[in-house]
Enquirer: 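Please see the structure below; I have some questions.
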Protein chains: 2
Amino acid sequence: MSEDKKTYCYEYPRPSVTTDCTIFGFDGIELNILLIKRGIEPFKGQWALPGGFVQMDETTEECARRELAEETGIRDLFLEQLYTFSDVNRDPRGRVITVSYFALVKSTDFKLVGGDDASDAQWFPINQVPSLAFDHDRILRVAHDRLKGKIKYEPIGFELLEEVFTIPQLQRVYESILGVQVDRRNFNRKIMSFDLLEAIENKVDGLGHKGARQFRFDKEKYQALKSRGFNFEL
Amino acid sequence: MSEDKKTYCYEYPRPSVTTDCTIFGFDGIELNILLIKRGIEPFKGQWALPGGFVQMDETTEECARRELAEETGIRDLFLEQLYTFSDVNRDPRGRVITVSYFALVKSTDFKLVGGDDASDAQWFPINQVPSLAFDHDRILRVAHDRLKGKIKYEPIGFELLEEVFTIPQLQRVYESILGVQVDRRNFNRKIMSFDLLEAIENKVDGLGHKGARQFRFDKEKYQALKSRGFNFEL
DNA sequence: ACAAAAGTGTTTGGAATACACCCATGC
DNA sequence: GCATGGGTGTATTCCAAACACTTTTGT
């Protein structure tokens, strides 16, 4: 911050606008979310959702993707707008409105690289999340609720797995998000009935059991069907 | 605009933040939306969604309610956040991010009073909407899609009718929103199976046919059931 | 050969669909 | 008494839920 810093003046006062992301990951067992340990005040040292201020030449989604890349190194993820939080006192620095997003990342992208804005990034199991900075606890709750609702009627479970996955893996994704147990056979039949999975020939798994068949999700086919009125459900 | 006008200066540039509302109404026959004829530039004379700038001491929802009351006189309506639009060039006045809402108003509140920000407010059938100012065509499309999706799994059709209504009226609401015809008998049974309607004794209608039974939606009962895991559907 | 995980098929109950008849009112 | 709109019941179809056995692989 130099002495002769530039300022921007307006006829009426304006709020700041930020974006915040709730990033969900799946480690094969349970649902995780990605948090950043804040390196600066306010809430220095506390965990928070990654995010930052919106620039004048980027949309909020572009901002969310940029901040995500800067703070965690994650690119090319599933990202969807969640909700805009505008409580007058939600940020001690002043009036800050945040456009929140929720994201799903593939386990391949689980590896993190330290960014510059934050001193640390870490995954937390959804049921062991510490108290968060700002109103991020609330944002996280809304994001989790949205995910639970959304996974029932849109095929987004795949976004948490690698390109190639098995049906039991996908089932575990569903179970960990919804917090329920489902019947293997019924789940299998249901998923297969949509005819949206492309089978992969070589079934390499390699644990103390029978190897599972591998599949790839056919995104184009889904888009085509959807535009013709097809409805994915459960 | 006086000579010695106050200005507000910040270290970094900030976008303006507005709210815009897509207001749905039902006249007994078809779905309508409420538009405002713009009295000032830009887009002067064109139709637009009602809305305005967010003040520093109000949430975006409070802003939406305030603008709605000012421009249309409508109060106490069903209002829900829709989406935040942030395209860099969506407003010729500069960088403006809008937090949009969608609203459902009862036919009782159909009567409009002229506001000050706008020279005219008028209802348009959803299929006869003129070209709108800014990116409001897009916002309207998103709002209509959301309404179509939402009405299937939340009991919000009631919000478009008066406190007391008949089942056939409710059915027409559903049909006009979804653009489909449904079977009277099945609709009736389905709605009644939820046990969320309180019957009203005197059935006064008075048109060239048999008077229909009247009901009231039991909001408390719905909230109670919902919190116990009940799911409304269709 | 045994344990652990994955694949598959059948039965059953309940809900959604389709469909037809009777009643009340206004003209 | 006829047209219009409102109310109710039943058969069929389909999907979801519950459930058991066989196969493969690693030890």
Side-chain angles (χ1 to χ4, degrees), chain A residues 26-30 151-153 155 157 161-162 164-176 178-216 225 229-234, chain B residues 27-30 151-153 155 157 161-162 164-176 178 180-216 225 229-234:
Chain A
F26 181 69
D27 57 10
I29 295 160
E30 59 187 338
I151 201 166
K152 291 178 195 158
Y153 60 91
L161 296 170
E162 296 182 48
V164 169
F165 55 88
T166 69
I167 309 287
Q169 281 175 337
L170 185 63
Q171 183 178 341
R172 268 176 233 119
V173 168
Y174 276 79
E175 290 179 336
S176 70
L178 295 172
V180 295
Q181 295 262 95
V182 303
D183 185 88
R184 291 198 315 285
R185 306 167 279 244
N186 294 335
F187 183 81
N188 221 294
R189 178 182 24 247
K190 187 75 174 166
I191 288 289
M192 287 316 218
S193 74
F194 297 127
D195 196 30
L196 286 169
L197 298 186
E198 179 196 350
I200 307 293
E201 279 314 305
N202 60 333
K203 38 176 176 176
V204 186
D205 226 0
L207 275 159
H209 52 70
K210 179 176 177 177
R213 289 209 136 255
Q214 294 186 304
F215 296 91
R216 198 189 309 265
L225 285 174
F230 165 78
N231 261 348
F232 179 90
E233 201 178 330
L234 223 164
Chain B
D27 57 10
I29 295 159
E30 58 186 340
I151 201 166
K152 289 177 196 159
Y153 60 91
L161 296 170
E162 297 182 46
V164 169
F165 56 88
T166 69
I167 308 288
Q169 280 175 339
L170 186 61
Q171 184 178 341
R172 266 174 235 119
V173 168
Y174 277 79
E175 290 179 335
S176 70
L178 294 171
V180 295
Q181 295 261 96
V182 303
D183 185 89
R184 291 200 315 285
R185 307 168 279 243
N186 293 336
F187 182 82
N188 221 294
R189 177 180 29 245
K190 187 74 175 166
I191 288 290
M192 287 316 220
S193 75
F194 296 127
D195 195 30
L196 286 170
L197 298 187
E198 178 196 348
I200 306 293
E201 279 313 305
N202 60 333
K203 38 177 175 176
V204 187
D205 226 357
L207 276 159
H209 53 70
K210 179 178 178 178
R213 289 209 136 255
Q214 293 186 305
F215 297 91
R216 199 191 308 267
L225 284 174
F230 165 77
N231 261 347
F232 180 89
E233 201 177 332
L234 223 164

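Every chain is numbered from 1 and lettered A, B, ... according to where its sequence line falls, protein lines coming before strand lines. We use all heavy atoms of the structure for the numbers below, so side chains are in, but hydrogens, waters and symmetry mates are not.
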Enquirer: Kindly point out which of C:dT17, D:dA17, D:dG7 is positioned nearest to the side chain of B:R189?
Expert: C:dT17
Enquirer: What's the verdict on ring-ring contact (aromatic ring centres under 6.0 Å, His included) for B:Y174 and B:F187, showing C-alpha distance, side-chain angles and the deciding distance?
Expert: CA-CA 10 Å; B:Y174 277 79; B:F187 182 82; 5.5 Å; yes
Enquirer: Roughly how many Å is it from CG in B:N186 to P in D:dA11, rounded to a whole number?
Expert: 15 Å
Enquirer: Once you round it to whole Å, what is the distance between C1' of D:dG7 and CD1 of B:I191?
Expert: 16 Å
Enquirer: The side chain of B:A212 is closest to which nucleotide in this list: D:dG7, D:dA16, C:dT17?
Expert: D:dG7
Enquirer: Looking only at side chains, do B:R185 and B:N188 share a donor and an acceptor under 3.5 Å apart?
Expert: no
Enquirer: Would you kindly give the CZ-to-P distance between A:F187 and D:dA18, to the nearest whole Å?
Expert: 16 Å
Enquirer: Find the distance A:E233:CD to D:dC14:P and express it as a whole number of Å.
Expert: 18 Å
Enquirer: Between A:Y153 and A:F232, is a ring-ring contact (aromatic ring centres under 6.0 Å, His included) present by the stated rule, with each step listed?
Expert: CA-CA 5 Å; A:Y153 60 91; A:F232 179 90; 9.1 Å; no
Enquirer: When you measure only distances, ignoring hydrogens and angles, does the side chain of A:R213 come within 3.5 Å of the base of D:dT24 through a donor and an acceptor?
Expert: no
Enquirer: Would you indicate, yes or no, if C:dA6 has its OP1 or OP2 atom less than 4.0 angstrom from a side-chain nitrogen or oxygen of A:R172?
Expert: yes
Enquirer: For C:dA16, does the base pair up with any side-chain atom of B:R185 as donor and acceptor (N or O, under 3.5 Å, distance only)?
Expert: no
Enquirer: In terms of side-chain heavy atoms of A:K190, which of D:dA16, D:dG6, D:dA17 is nearest?
Expert: D:dA16
Enquirer: Can you tell me which nucleotide in C:dT10, C:dA20, C:dA6 comes closest to the side chain of A:R184?
Expert: C:dA6
Enquirer: Take B:L225 and B:L196, measure what side-chain contact (heavy atoms from CB on, under 4.5 Å) needs, and give me the verdict at the end.
Expert: CA-CA 10 Å; B:L225 284 174; B:L196 286 170; 3.8 Å; yes
Enquirer: Here's a test of your reading of the structure: between A:P168 and B:L234, which maps to the more 5' nucleotide of DNA chain C?
Expert: A:P168
Enquirer: Expressed in angstrom and rounded to an integer, what is the separation of B:L170 atom CG from D:dG7 atom P?
Expert: 12 Å
Enquirer: Could you check A:K190 against A:F194 for side-chain contact (heavy atoms from CB on, under 4.5 Å), going step by step and ending with a plain yes or no?
Expert: CA-CA 7 Å; A:K190 187 75 174 166; A:F194 297 127; 4.1 Å; yes
Enquirer: Between the side-chain atoms of A:N188 and the base atoms of C:dA6, is any donor-acceptor pair under 3.5 Å?
Expert: no
Enquirer: Where the side chain of A:D183 is defined as all heavy atoms beyond and including C-beta, which of D:dC19, D:dT8, C:dA18 is the nearest nucleotide?
Expert: D:dC19
